[in-house]
Structures are given as C-alpha cells and as structure tokens.
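Here the structure comes first, spelled out in structure tokens, and everything after it is commentary.
Throughout, a chain's letter reflects where its sequence line sits, starting with A, and its residues are numbered from 1.
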There are 2 protein chains.
Amino acid sequence: MEDVRLGLRELKKRQTRDSIAAAALKLTEEKGLSDVTLEEIAREAFVSPRTISNYFSSKEEAVLAAGTIATEQVLEDFSSSPSEVPPLEALCVLMSSYAREHPDRLRKSARMVALEESNPSLRPIRLAQEVELVIDLSGRIATRTGTDLTVDVYPSMVASAAVSAMVTSLTLWYLAGFPEDRLPKLVEDSFNLASAGYPRRTAEPA
Amino acid sequence: MEDVRLGLRELKKRQTRDSIAAAALKLTEEKGLSDVTLEEIAREAFVSPRTISNYFSSKEEAVLAAGTIATEQVLEDFSSSPSEVPPLEALCVLMSSYAREHPDRLRKSARMVALEESNPSLRPIRLAQEVELVIDLSGRIATRTGTDLTVDVYPSMVASAAVSAMVTSLTLWYLAGFPEDRLPKLVEDSFNLASAGYPRRTAEPA
DNA sequence: CCCGATATTTGCTTCTTGAGCAAAGTTCTG
DNA sequence: CAGAACTTTGCTCAAGAAGCAAATATCGGG
C-alpha cells in the first residue's frame with residue numbers, strides 16, 4: 001500500500017507533520033481551538049512555532065490534517081473504472097466499499113466534521129478542502145463522459161452530489177454515534193437518492 | 001419591497017456598510033485582496049479601520065458583502081409554497097423566476113465566484129456562507145416533508161443539490177460571459193438534472 | 001568513513017489582523 | 001431640548017503569517 005523505502009528525511013517529515021497535527025487536535029479537543037496558540041501546539045509537538053508554519057498555513061489546517069483521508073486512491077480507482085457505468089453508480093460502489101474497508105479512517109473524518117460544531121473557524125478551511133475534491137472529481141467526470149465542464153452543468157452537479165452524499169453520510173453516522181456497519185448503508189442511501197432524483201414528494205410520518 | 005421608513009441611524013449604517021464593501025471590492029479588483037490592507041480600505045471608504053472590524057470580521061467578508069444576494073425572501077417563499085410540490089421542483093421555479101427578475105443581483109454574485117480565481121482567500125469565506133444557506137434550506141425541507149434531518153439523508157441531499165444547481169449555473173453563466181437570458185435556462189437545466197437523477201451514462205461528443 | 005550538496009528546522013523580524021475598552025460624537029425619544 | 005441609546009473612533013495588545021539567513025540534519029558519491 002505505502003512506500004516502505006523512504007529516506008530518513010521523508011520519514012521524519014511525516015513524523016513531524018503527524019505530531020503537529022496530533023498536538024493540534026489534542027489541544028483543540030481539550031480547550032477549543034480559539035484558546036490554543038501556535039506556541040502551545042509547538043511545545044506539545046516538540047517543534048518550533050516557525051516549523052508549524054512551514055507545514056501548515058493555519059492552525060485550522062493542522063487540526064484538520066489529523067482527519068484528512070487519502071482520497072487519491074479512490075479518485076484514481078474511479079478514473080480507471082469502466083466508463084460504461086454511470087459516474088454516480090461507480091462512485092457509490094467505490095465509496096461504500098471504502099466505508100466497509102476503512103471505517104476507522106472515515107470515523108476520523110467524521111469527527112472533524114463534528115469538531116466544527118464547537119470550533120467554527122474550522123468550517124471554512126474544511127469546506128475549502130472539500131471543494132478541491134469536488135473540482136478534481138468534476139474534471140474526472142467530464143473526461144469520463146466526454147463533457148465540456150465549462151458548458152454543461154452535468155459534471156459539476158454530479159461531483160457535488162457525490163461529495164454531499166459522503167459528507168451527509170458521515171454527519172448522520174456521527175449523529176447516530178458511529179454504529180458499526182451502518183455507514184455503508186448510509187452511503188448507499190445517499191447515492192441512490194441522488195441517482196434516483198430525490199423522488200419523495202410530500203409530508204409523511206417518519 | 002424595502003422599508004422606506006428607516007431612521008437616519010439605520011440608513012447611515014447601511015451606507016457605511018455599503019461603502020466599506022464597495023471600497024473593498026474596488027481595491028481587490030485593482031490590486032488583489034492580499035495586497036490590500038484594512039487601512040487602505042478604510043481610507044477609500046472614509047471610515048476608521050476599527051469601524052471595518054465592527055462591520056465585518058475579515059477583509060474577505062467585506063469583499064463578499066458586495067455580492068451577497070438577499071436569500072431570505074426566496075427561502076420564505078419556499079417555506080410558504082404548497083408542500084405538495086416536491087422541494088426541488090418548487091425551488092427550481094423560485095430560482096429560475098429569481099434569475100429572470102433579478103439578473104443584476106445574480107450577476108454580482110457570479111462575479112464574486114469569479115473573483116475567487118484570482119483571490120483564493122475568498123473561497124473559504126464564501127463557502128462558509130454557502131453552507132449556512134444549505135443548512136437553513138435543509139431545515140426547511142425537513143419541515144416541509146416531515147423528515148427528521150438527523151436520521152434521514154433526504155433533506156440535506158436535496159438542499160445541497162439545490163445550492164449546487166445555483167452555484168454551478170452562476171459559474172457557467174459567468175464563463176459564458178453573462179449572456180442575456182441564458183441564466184434561467186442554466187438554472188432549469190441544473191435543477192432538472194438533479195430531479196431526474198443524473199441520467200447520462202457514457203461518453204458522447206459535445 | 002567523510003565531504004560537499006541538498007533539505008529542514010529554527011530564531012529573528014516585520015507587517016497585519018482581530019478584538020477589548022473607554023471616550024467622543026450622533027441620532028433618537030419624548 | 002435633555003438624557004438615553006447607539007455608532008465611531010483611537011488606543012492597546014496578543015497572535016498569526018511569512019521572508020530571510022544561520023544552524024542543523026540527511027543524502028549520495030567517492
């Protein structure tokens with residue numbers, strides 16, 4: 001899965017990065033991000049404050065880095081999957097497998113979404129990261145379906161739907177207390193809803 | 001439409017706010033937001049820097065305020081529209097009418113989206129505003145359809161789809177150079193795509 | 001093993017922002 | 001017109017973001 005042959009340099013860089021992110025997360029959970037300074041994070045992570053700036057362009061980024069999942073693999077899998085399958089269906093399959101195989105990683109991401117409640121300054125940065133994903137995905141969908149992104153709304157709409165499906169699923173999963181094995185179903189429900197065109201019409205009891 | 005009977009106080013407040021926003025926008029277009037300081041904006045708007053902070057919590061907010069459209073009316077119209085109509089359809093009608101009736105306002109908003117290209121720091125703040133809208137709308141959809149927001153993904157998914165439809169439409173409208181009368185069609189296309197469940201499947205020539 | 005090349009970490013400095021506070025200046029109410 | 005309510009302002013301070021150069025660590029070839 002991951003490169004085992006990494007120089008010491010690269011290895012230490014990752015350690016540093018991880019320990020900064022972990023420190024930022026820990027302190028944020030303890031006292032709220034707005035009461036945490038770079039200096040404190042630096043002490044906790046055994047680096048200088050200046051080093052934090054080298055890795056992250058804000059405290060917020062550092063905190064969120066602790067919950068960022070590696071989406072590259074999923075995106076590549078998407079791009080290399082057979083293009084006869086409609087994009088949303090392909091993404092649904094990929095995402096629900098991911099939910100089954102890596103619930104741990106997704107739980108971390110979901111906690112980040114949850115952290116936003118108590119730490120509002122996280123939201124803008126997380127959303128900016130989310131939109132990067134939407135943009136990347138839009139491009140891949142455009143390529144896959146031979147659509148011009150700048151003229152036809154299809155790729156962007158599908159990409160947004162897919163990303164909302166994931167975020168919405170993570171949010172409800174978190175709200176339900178991360179019940180084992182429920183995430184894949186939430187993901188499928190969300191994607192299916194989008195694929196089917198939001199069919200429900202009028203009020204009904206739960 | 002708007003309250004004509006406003007005290008002088010309220011009136012001046014709006015003027016101040018508007019002139020700060022206008023100054024921020026003008027300077028940003030001239031030299032890029034990162035090269036503009038609060039002090040400059042203050043000079044341009046004939047207020048003290050401290051006053052800017054009273055109105056906005058960042059330069060970015062000030063710039064974006066120049067293009068923010070009043071969504072309250074649309075949201076209320078949505079809530080008071082007959083709930084037999086599926087939410088996305090209702091929103092489609094409301095939004096495309098809005099596009100027809102107030103292209104000027106929407107053009108301003110679209111320019112803000114465009115400004116993001118050259119001024120990346122605007123993005124997080126705009127997205128945060130956008131997500132507020134999604135959250136508000138999710139609540140209204142939940143109410144309208146008698147759905148529990150915290151259990152069923154439907155309201156959030158529909159709300160995201162509606163907001164992406166608008167943002168995507170504005171973006172493509174801008175990319176096409178704001179052609180007269182094309183916005184309503186873009187809006188309808190986007191909403192219809194979502195309503196129909198993104199039916200296109202495989203590659204095809206444009 | 002050692003050395004020069006290359007990267008990373010750090011400290012220092014400067015600029016900017018965001019926000020609390022109280023004083024000065026406006027508008028409002030009656 | 002007088003006192004209450006609100007807005008604007010200047011002052012102050014804690015922090016963050018980023019450039020620069022020195023110190024430190026790693027790398028790769030001999």
Is a donor on one side and an acceptor on the other found under 3.5 Å between the side chain of B:E40 and the backbone of B:T37? yes
Pairs meeting criterion salt bridge (Lys or Arg N to Asp or Glu O under 4.0 Å) with involvement of residues 156-168 of chain B, two or more places apart: none
Residues which pass ring-ring contact (aromatic ring centres under 6.0 Å, His included) with B:F78, listed by chain and number, not counting sequence neighbours: none
Has A:N119 got a side-chain atom pairing as donor or acceptor with A:L33's backbone, closer than 3.5 angstrom? yes
Once you round to the nearest 0.5 Å, how far does CG of B:L127 lie from CD of A:Q129? 11.5 Å
Looking at B:D148 and B:T150, would you say the former's side chain and the latter's main chain have a donor-acceptor pair under 3.5 Å? yes
How would you list all residue pairs meeting salt bridge (Lys or Arg N to Asp or Glu O under 4.0 Å) that involve residues 161-180 of chain A, not counting sequence neighbours? none
With sequence neighbours left out, which residue pairs that include part of residues 46-70 of chain B fulfil the salt bridge (Lys or Arg N to Asp or Glu O under 4.0 Å) condition? none
Heavy atoms of A:M157 and B:A161 approach each other most closely as CE-O, 3.9 Å
Below 4.0 Å from chain B heavy atoms, what is the first contacting nucleotide of DNA chain D and what is the last? D:dA5 to D:dC11
Here the residues of residues 43-59 of chain B within 4.0 Å heavy-atom distance, strictly under, of DNA chain D are B:V47, B:S48, B:R50, B:T51, B:N54, B:Y55
Rounded distance [0.5 Å steps], OG in A:S58 versus CG in A:L122: 9.0 Å
Could you check A:K12 against B:E39 and say which one's nearest nucleotide on DNA chain C is further toward the 5' end? A:K12
Of all nucleotides in DNA chain C with an atom under 4.0 Å from a non-hydrogen atom of chain A, which is the first and which the last going 5' to 3'? C:dT6 to C:dC12
Taking salt bridge (charged side-chain N to carboxylate O under 4.0 Å, His left out) as the test, write out the residues that go with B:D18, two or more places apart. none
Keeping the roles fixed (side chain from B:S195, backbone from A:G197), state whether a donor-acceptor pair exists under 3.5 Å. no
Distance check, rounded to the nearest 0.5 Å: A:F178 atom CZ versus A:L170 atom CG? 8.5 Å
Sorted by number, the residues of residues 15-34 of chain B with heavy-atom contact under 4.0 Å to DNA chain C: none
Salt bridge (Lys or Arg N to Asp or Glu O under 4.0 Å) contacts touching residues 108-126 of chain B (sequence neighbours left out): B:E116-B:R123, B:E116-B:R126, B:R126-B:E130
Need the bend value for the helix from C:dC1-D:dG30 to C:dG30-D:dC1: angle between end axes, 5 pairs each end, nearest 10°. 30°
List the atom pairs, donor and acceptor, that lie under 3.5 Å between side-chain atoms in residues 184-191 of chain A and the rest of the protein, sequence neighbours left out.
from, atom 1, to, atom 2, distance (Å)
A:K185, NZ, A:D189, OD1, 3.2
A:K185, NZ, A:D189, OD2, 3.1
A:E188, OE2, A:S96, OG, 3.4
A:E188, OE2, A:R100, NH2, 2.7
A:S190, OG, A:S169, OG, 3.1
A:S190, OG, A:L186, O, 2.9

